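Working notes, beginning with the structure itself.
Since the structure is predicted, the reported quantities are computational estimates derived from the model, not experimental observations.
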Amino acid sequence: MADPTTRVRVFIGEPSSIDPCNGFEHDGALILRFLADPLLDYDPATGEPRPAAAESWEVSADGTQVDFRLRPGVRFHHGRKVFAADYVYSLSRVVRPETGSKLAYHLACVQGYEEVRSGAARTLSGVTAVSPLHLRVRLAHPFHEVPTVFGHRVTAAVPAELAEGDPDAFQVRPVSTGPYHIAAPWAPGQGLTLEQFDSYYAGNAAFADGGSGHLDRLEFRIYEELEDAYQDWHRGELDVVKVPPARIPDALPLAERFRRTPCALMQYLGFPVDVAPFDNPVVRRAAAMAIDRQAVIDTAFSGTRPIAQRILPPSLRGDDDADLTGVRYDPVAARALLDEHGIAPVRTEFAYNAGLGHDSWVATVVEQLNSALGWQVTPRPMAWPEFLKWLGRADTLFRMTWAIDYPSVDNFLYPLFHSASIGDDNFTRYRSADVDRLIDTARATADADKRRALYAEAEATACRDLPLLPLWFGVQYHLVDLDRFQVDGPVVDMFGEPVLRTFRTKR
């Protein structure tokens, strides 16, 4: 075990859940990186899948089955060894309606999903324990990128005897397979401390040293306002904190302690496409043309974020930087477009989650729309839990971020644009038979280059329809106390998260 005096103190917002089945938003997902090791994990620098709780995996030639060979000796935090039957239970639990998982759709490709989701069955028929250390997953449709799904923490194993024995207790003290376990039950608003797990299998190949971690305590401290956390970092009360956009100029002189990390994230302005007037593509394009995204980036983010003219961030598409939206800032042409089609000024709101650095730039975008188009748009700030509920029935303009759950192009395009994702992460409720067909065909295509081309066509089609306006690609800003810590490898990964497993206290 690491020196018991070693710890790192990390800013988070209030998680919605810390159960692997439902850690769907940023803060819960960050905690689950250390509580739960899935079957495979991702290299922090490249995003490449690496063996974790599974030693290996193999996808069938037709893309309808994946076999995992489990690593012997993986244990739950309460001591019991993990076997294939635990995944049969855990994956089925995610999908069961009473679980209420907002991440269940990740398993929609598995045979038996609809039966379990509807309550007609309790167990996914496509998930079987061939032997104690051989797990087989059969798919309803071909999906050649399916292994990446099993790096998401929602697919991690949990023990049935605890999750079923006392479900309420499990929600505040979930048990899984990660290098850290919960020191004391989570009390909302009180933060959460994780302690190193002595019986961790230490074979996670995403990390050079097996992923055990070098600190014995991870202390996650909850703040409602990012500015308060930022000030606490400067007072020495936090070791890792995000930087509010307005503080970027102040943070720039802090050299290596200020980390600017491009990540697979895209900020967007969403249009509810089944609500007038945003059901009209002319209105959507005029609104997009009236927003000076570069001016917002320069003012709110000190010019440090790349403007987005398409959906996929550079880390998922390589050097292809084609402009797929065709949107340029031109407020005069935007107003003329609306006048040409006889569209009256719009009265609506701009909904967003308050307190995490969005207020200033949202106010700028609102002013641009009102000034350029003669609209009456008013900001509608909400607390994060309220905002999440509202998104399911969005009826005004809104901001949202999409960050990958796992490093696959499919994980951007399917959740945001496939009609099957309406009710999940397709908050604009966009529906296109062409996009559905292209994504489905890409999933069934074994050849990686051909699959990539189909996904590219789906992206281009969605960009032309413009159910959302990509604003900028992700850059995460952190302050890290590198006087106290050294980090083996990247400080922040491609997901924009601090790689706390590789933090070491300096001697």
Side-chain angles (χ1 to χ4, degrees), residues 13-14 16 25-26 102 224-226 244-246 266-293 295-297 299-301 308 325 327 329 331 334-335 337-339 341-402 415-417 421-431 465-472:
E14 181 74 76
S16 298
E25 39 70 46
H26 165 81
K102 296 181 182 296
E224 291 186 6
E225 296 290 337
L226 181 54
M266 184 266 296
Q267 182 94 226
Y268 68 87
L269 169 69
F271 303 103
V273 298
D274 55 359
V275 175
F278 304 112
D279 55 346
N280 187 337
V282 171
V283 173
R284 301 197 296 268
R285 189 155 293 271
M289 294 165 60
I291 297 172
D292 190 345
R293 289 171 288 170
V296 176
I297 291 168
T299 301
F301 306 107
T325 67
V327 171
Y329 174 57
R335 186 73 170 260
L337 182 62
L338 295 177
D339 290 344
H341 287 82
I343 297 170
V346 172
R347 185 187 186 100
T348 189
E349 295 178 319
F350 190 128
Y352 69 99
N353 55 310
L356 292 177
H358 303 303
D359 303 77
S360 177
W361 72 259
V362 166
T364 300
V365 169
V366 165
E367 198 283 326
Q368 289 176 348
L369 288 169
N370 290 342
S371 175
L373 303 178
W375 287 9
Q376 296 182 49
V377 182
T378 55
R380 184 180 177 184
M382 303 185 211
W384 179 239
E386 178 191 3
F387 181 61
L388 282 175
K389 291 180 181 179
W390 177 88
L391 280 171
R393 58 181 191 280
D395 57 358
T396 71
L397 298 173
F398 62 91
R399 69 133 305 263
M400 194 52 183
T401 299
W402 185 256
L416 290 176
F417 302 116
S421 291
I422 295 172
D424 292 312
D425 290 307
N426 184 348
F427 298 123
T428 64
R429 298 184 293 278
Y430 171 72
R431 188 184 299 271
D465 290 345
L466 214 65
L468 57 83
L469 171 66
L471 296 173
W472 44 80

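Relative ring orientation between F350 and Y352 is described as perpendicular, the plane-to-plane angle rising above 60° on a 0-90° scale split at 30° and 60°. Classified by interplanar angle (parallel below 30°, tilted 30° to 60°, perpendicular above 60°), the ring pair Y430/F417 is perpendicular.
Atom OH in Y329 sits 11.0 Å away from atom CE in M289 (nearest 0.5 Å). In this structure, CZ on F398 lies 12.0 Å from CG on N353, to the nearest 0.5 angstrom. Between the CZ atom of R284 and the OG1 atom of T428 there is a distance of 8.5 Å, given to the nearest 0.5 Å. Between the CD1 atom of I422 and the CZ atom of R431 there is a distance of 4.0 Å, given to the nearest 0.5 Å. I343 CD1 to L337 CG: the interatomic distance, rounded to the nearest 0.5 Å, is 7.0 Å. Of the inter-residue distances, the one linking T348 atom OG1 with Q376 atom CD reads 11.0 Å to the nearest 0.5 angstrom.
At a threshold of 4.5 Å between non-hydrogen side-chain atoms, the residues F271 and V283 do not count as touching. You'll find the side chain of L269 reaches within 4.5 Å of the side chain of I291, heavy atoms only. Residues T396 and F278 are not in side-chain contact: their nearest non-hydrogen atoms beyond the backbone lie 4.5 Å or more apart. Side-chain contact between V296 and W472: present, with at least one pair of heavy atoms (C-beta onward) separated by less than 4.5 Å. Taking 4.5 Å as the limit, every side-chain heavy atom of W384 sits out of range of all side-chain heavy atoms of E224.
In this structure, the side chain of R293 engages the main chain of P470 through a donor-acceptor pair within 3.5 Å. Distance alone, capped at 3.5 Å, places no donor-acceptor pair between the D359 side chain and the A354 backbone. The closest donor-acceptor contact from the side chain of D465 to the backbone of P467 lies at 3.5 Å or more, if one exists at all. Checking side-chain atoms of T299 against main-chain N and O of A295 turns up a donor-acceptor pair under 3.5 Å. R429 contributes a side-chain N or O that, together with a main-chain N or O of A394, makes up a donor-acceptor pair within less than 3.5 Å. No donor-acceptor pair closer than 3.5 Å links the side chain of R285 to the backbone N or O of L466. With hydrogens and angles disregarded, a donor-acceptor distance shorter than 3.5 Å links the side chain of R335 to the backbone of A372.
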Check: Run the side chain to side chain contact (heavy atoms under 4.5 Å, CB included) check on W361 and L471 step by step: do they pass?
Finding: CA-CA 11 Å; W361 72 259; L471 296 173; 3.8 Å; yes
Note to self: Please evaluate residues M266 and L416 with respect to the criterion side chain to side chain contact (heavy atoms under 4.5 Å, CB included), reporting the C-alpha separation (whole Å), side-chain torsions for both, the decisive distance (0.1 Å), and the verdict.
What the structure shows: CA-CA 11 Å; M266 184 266 296; L416 290 176; 4.0 Å; yes
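The local environment of CD in E386 is crowded, with over 12 non-hydrogen atoms from other residues, nucleotides or ligands closer than 6.0 Å.
For the residue pair D292 and Q368, the shortest heavy atom distance occurs at N-OE1, 2.9 Å. Minimum heavy-atom separation, L369 to A290: CD2-CB, 4.2 Å. Closest non-hydrogen pair, N280 versus V282, comes out as OD1-N, 2.9 Å. For the residue pair W390 and R380, the shortest heavy atom distance occurs at NE1-NH1, 3.2 Å. Scanning both residues, L397 and P272, for their nearest heavy atoms gives N-CD, 4.4 Å. Minimum interatomic distance between Q267 and R399 (heavy atoms only, all atoms of both residues): OE1-NE, 2.6 Å.
Residues passing the salt bridge (charged side-chain N to carboxylate O under 4.0 Å, His left out) test with E225, sequence neighbours excluded: none.
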